[in-house]
Amino acid sequence: MRPTTTRCSRTRPRPWWRVWAGNRFGAGGPRRLGCTPMETLEELLNARLTAAFAAVVDGGADPVLRRSQHADFQADGALAAARKAKRNPREVAALVVEHARLDDLCETVEISGPGFINLTVSAGALGRLLAGMSAHDRLGIPAAVTPQTVVVDYSAPNVAKEMHVGHLRSTVIGDATVRTLEWLGHNVVKANHLGDWGTPFGMLIEHLLDIGEANAAEELSVGDLNGFYRAARAKFDADEAFQERSRRRVVALQGGDEETLRFWRMLVAESERYFMTVYDRLGVRLTDKDFFGESFYNDMLHPVVASLDELKLLKISDGARVVFPEGFVNRDGEPLPIIVQKRDGGFGYGTTDLAAIRYRTQELHADRIAYVVGLPQKQHFEMIFSAARSAGWLTASTRAEHVAFGSVLGTDGKILRSRAGDTIKLADLVDEAISRAAAAVAEKNPALSEAERDRVARLVGIGAIKYADLSNDRVKDYVFDWQRMLSFDGNTAPYLQYAHARIRSIFRRGAVSAPAGLTTIPVAEKAEHALALELLAFPAVVAVVADTLDFHKLTHYLFGLASAFTTFYEQCPVLKSEGEVRESRLALCDLTARVLCQGLDLLGITAPDQM
RNA sequence: GCGCUCGUAGCUCAGUUGGAUAGAGCAGUGGACUUCUAAUCCACCGGUCGCAGGUUCGAGUCCUGCCGGGCGCACCA
């Protein structure tokens, strides 16, 4: 949910508690991470097949390479190419196979069915590629050669209002976005679009004065934001005099009255302090430097309106100043506006979003802006993007996207609420996750020390919540189910964390470290072969996820990797094997652990070494 | 009314530019611990892919029309 903002007055000081360092990202750029670009298995196969297709088919053709149940990979491109050229698909496939240089990569290349090309990767190729990946500190994924500046707009709680499950998804998905893009070497601006401005602040400030500054600070700092807000609201609804005071207070706030601003800052600061405690417990990267609330854009609102006017985009409709982005109609089929300035002179939230997008493209020089906001806001963002394009504030050189997500449902299939029917405080949700995880850990591994158990419980509990959220297609609603997300079986965070802990345990138990400097990692067994293919797929998956921000594709991959590992673990003794086989298996273990650890880290989940 | 979004096994979900017999997990049933963590693994059972047409060698995927759930449609954000 987008935070609440209603009105704004003529002049306003810039928020004092933070200084936007305009050149914070300008100089230096990202650290170069000393990586050599590597070719992935899939890229290699694709390149060879593409060359073969070019030799066989006029104008060439996409090999349509993918993983297969019938072999390691299959290339289906011959069918489409044959149809286009009105040729026999099996013959095209045969010619492609004849022309393809695959000797160094494939054990077998066979044609099957109507013209599928089935590829089995040779052990030698797997060994070489695995060794390359293992020797690489970034697991085969180089840092971006041309880093982008990416603004991630997420979390966005409201001052003096409790964070609830609605903020959970934005925070978790946003954090995964930040981690993934930062790891890839991009300049990421974390923009926590705090709801820190608007009419409610009249009543909130009056309530603060009623109960006294000290009491208010106390109430807010312990996280009783709902209590504070409700009390203010109740008075506002019941007491006419209080209403009047609140209205005057809003005017004073908007007018820049110094004392009023001091109270407002206090509300904001106390709320931010509280939000930080929640973020810290959740283990997300947001800091107190990342609050860029709506008030941050206040100075930019009048200029936005003026610019729209100059650009002839501004229209007057029913006394309000509006822009009509093309292609949007209301229920009567009339053009649907974005209200940039209301009849009474106040600004709408659309104005703030326009100001923010202009700021982000023109001042921050963003190459990409990701709005991690709920699906219901979809039309709003389409309108904002459309208007911003018309104004020239959003050009083809910036990718603006609404990273939409669905609702969190209870096991009854309805929007998740507490038993009493209230919204659930995010802080309570975190507490419950940790206490449930603590109980599970205590039961399943009593040998852990108390301190270690607490640490593991926190990582498991938080991991479970995040993983449950990220492992579903984000655009869909998902069902929040404690039992399922904390299960050690199935596609869950604890399962992956456990797989990782088991691997670390091998090295502890064997008192060995991962072999280094291998030029090849021989794979012989079926389970080793399958694990190798999974490991080598990591770079491609990360690339897709960075592009689509579909994190369930990463969780899906990690689960497949962990499954492949446990099969290997059951069938291929590591410490009991000897010589080259032992070295190879230790290297596979190490590589799996590193990929699991890194993959989970991109999701904001920590994998403990033991649990 | 217009628009967006979802509908796949009893449950929770994958399914990438259209490709081979639609895949997992949970639950259920049956197996496997002198063993590097059994917090695991293996096997079986389970689906008219909401419905009906269409496009073609081939449709869960693309097109059209329905049905059902959720959401949005100007001065709250």
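Below, chain A is the first sequence line, B the second, and so on; all start at residue 1. The figures that follow rest on heavy atoms only: side chains count, while hydrogens, waters and symmetry mates do not.
- Residue A:Lys378 contributes atom NZ, which lies 15 Å from atom P of B:G72 at whole-angstrom precision.
- For the C1' atom pair drawn from B:U35 and B:A27, the interatomic distance equals 29 Å after rounding to whole Å.
- Between the C1' atoms of B:A9 and B:G47, the separation comes to 5 Å (whole Å).
- Only the C1' atoms considered, B:U61 is 15 Å distant from B:G7, to the nearest whole Å.
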Would you please test A:Phe296 and A:Tyr359 for ring pair (Phe, Tyr, Trp, His ring centres under 6.0 Å) and show each step?
CA-CA 11 Å; A:Phe296 179 77; A:Tyr359 178 78; 5.4 Å; yes

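- Rounded to an integer number of Å, the gap from CZ of A:Arg509 to C1' of B:C36 is 7 Å.
- Across the C1' atoms, B:A39 and B:C33 are found 14 Å apart, a figure rounded to whole Å.
- Between A:His70 and A:Phe116, the ring centre distance reaches or exceeds 6.0 Å.
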Where along nucleotides 10-25 of chain B does protein come under 4.0 Å, by heavy atom, of base (B) or sugar-phosphate alone (S), with - for untouched nucleotides?
-SSSSSBB-BB--SSS

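- Across all strands shown, A:Ala501 has heavy atoms under 4.0 Å from base atoms, whether or not it also approaches the sugar-phosphate.
- Take A:Arg90 and apply the salt bridge (Lys or Arg N to Asp or Glu O under 4.0 Å) test, not counting sequence neighbours, and it matches no residue.
- Rounded to an integer number of Å, the gap from A:Arg585 CZ to B:U35 P is 19 Å.
- Within 4.0 Å (heavy atoms only), A:Pro376 reaches sugar-phosphate atoms of the nucleic acid but no base atom.
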Would you sketch RNA chain B in dot-bracket for me? Only Watson-Crick or G-U wobble pairs with both distances under 3.5 Å count, crossing pairs as [ ], other-strand pairs as |, the rest as dots.
(((((((..((((.....[...)))).(((((.......))))).....(((((..]....))))))))))))....

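- B:A39 atom C1' lies 14 Å from atom CZ of A:Phe565, rounded to whole Å.
- Rounded to whole Å, the C1' atom of B:A20 lies 10 Å from the corresponding atom of B:G58.
- Taking the six-membered ring wherever Trp is involved, the centroid distance between the rings of A:His193 and A:Tyr371 does not fall below 6.0 Å.
- Ring geometry for A:Tyr349 versus A:His380: interplanar angle under 30°, hence parallel rather than tilted (30 to 60°).
- Closest to the A:Arg502 side chain, of the nucleotides B:A38, B:A74, B:G72, is B:A38.
- Donor-acceptor pairing under 3.5 Å is lacking for the side chains of A:Asn491 and A:Ser471.
- Here the C1' atom of nucleotide B:C73 and the CD atom of A:Glu334 are 12 Å apart, to the nearest Å.
- Toward the 5' end of RNA chain B, the nearer of the two residues A:Phe324 and A:Thr567, judged by each one's closest nucleotide, is A:Thr567.
- In this structure A:Phe324 satisfies the ring pair (Phe, Tyr, Trp, His ring centres under 6.0 Å) test with no other residue, sequence neighbours excluded.
- Spacing of C1' atoms, B:U12 relative to B:C6, comes out at 15 Å, to the nearest Å.
- Along RNA chain B, the nucleotide closest to A:Asn330 and the one closest to A:Val441 are compared, and the more 5′ of them pairs with A:Val441.
- The CD1-P distance, from A:Ile338 to B:C73, rounds to 14 Å in whole Å.
- With C1' as the reference atom, B:C13 and B:U17 are 24 Å apart, rounded to whole Å.
- Across all strands, A:Tyr495 comes closer than 4.0 Å only to sugar-phosphate atoms, never to a base (heavy-atom distances).
- A:Leu409 places its CG atom 12 Å from the C1' atom of B:C71, with the value rounded to the nearest Å.
- Nucleotides B:G46 and B:A38, compared at atom P, are 31 Å apart to the nearest Å.
- Residues satisfying the salt bridge (Lys or Arg N to Asp or Glu O under 4.0 Å) criterion with A:Arg594, sequence neighbours excluded, are A:Asp590.
- Between the side chains of A:Tyr229 and A:Asn158, no donor N or O sits under 3.5 Å from an acceptor N or O.
- At the heavy-atom level, A:Glu443 lies nowhere under 4.0 Å from the strands shown.
- Straight-line distance from the CZ atom of A:Arg331 to the C1' atom of B:C4: 15 Å, rounded to whole Å.
- Regarding contacts with the backbone of B:A74, every side-chain N or O of A:Ser317 stays at 4.0 angstrom or more from both OP1 and OP2.
- Contacts of A:Arg343 with the nucleic acid, taken as non-hydrogen atoms under 4.0 Å apart, include base atoms.
- Among the heavy atoms of the strands lying under 4.0 Å from A:Ser505 is at least one base atom, whether or not backbone atoms are also near.
- Ring pair A:Phe565/A:Phe568: centre-to-centre distance below 6.0 Å.
- If you check B:C41, B:U5, B:C73 against the side chain of A:Glu570, the one that comes closest is B:C41.
- Partners of A:Arg230 according to the salt bridge (Lys or Arg N to Asp or Glu O under 4.0 Å) rule, which considers only residues two or more places apart in sequence or in another chain, do not exist here.
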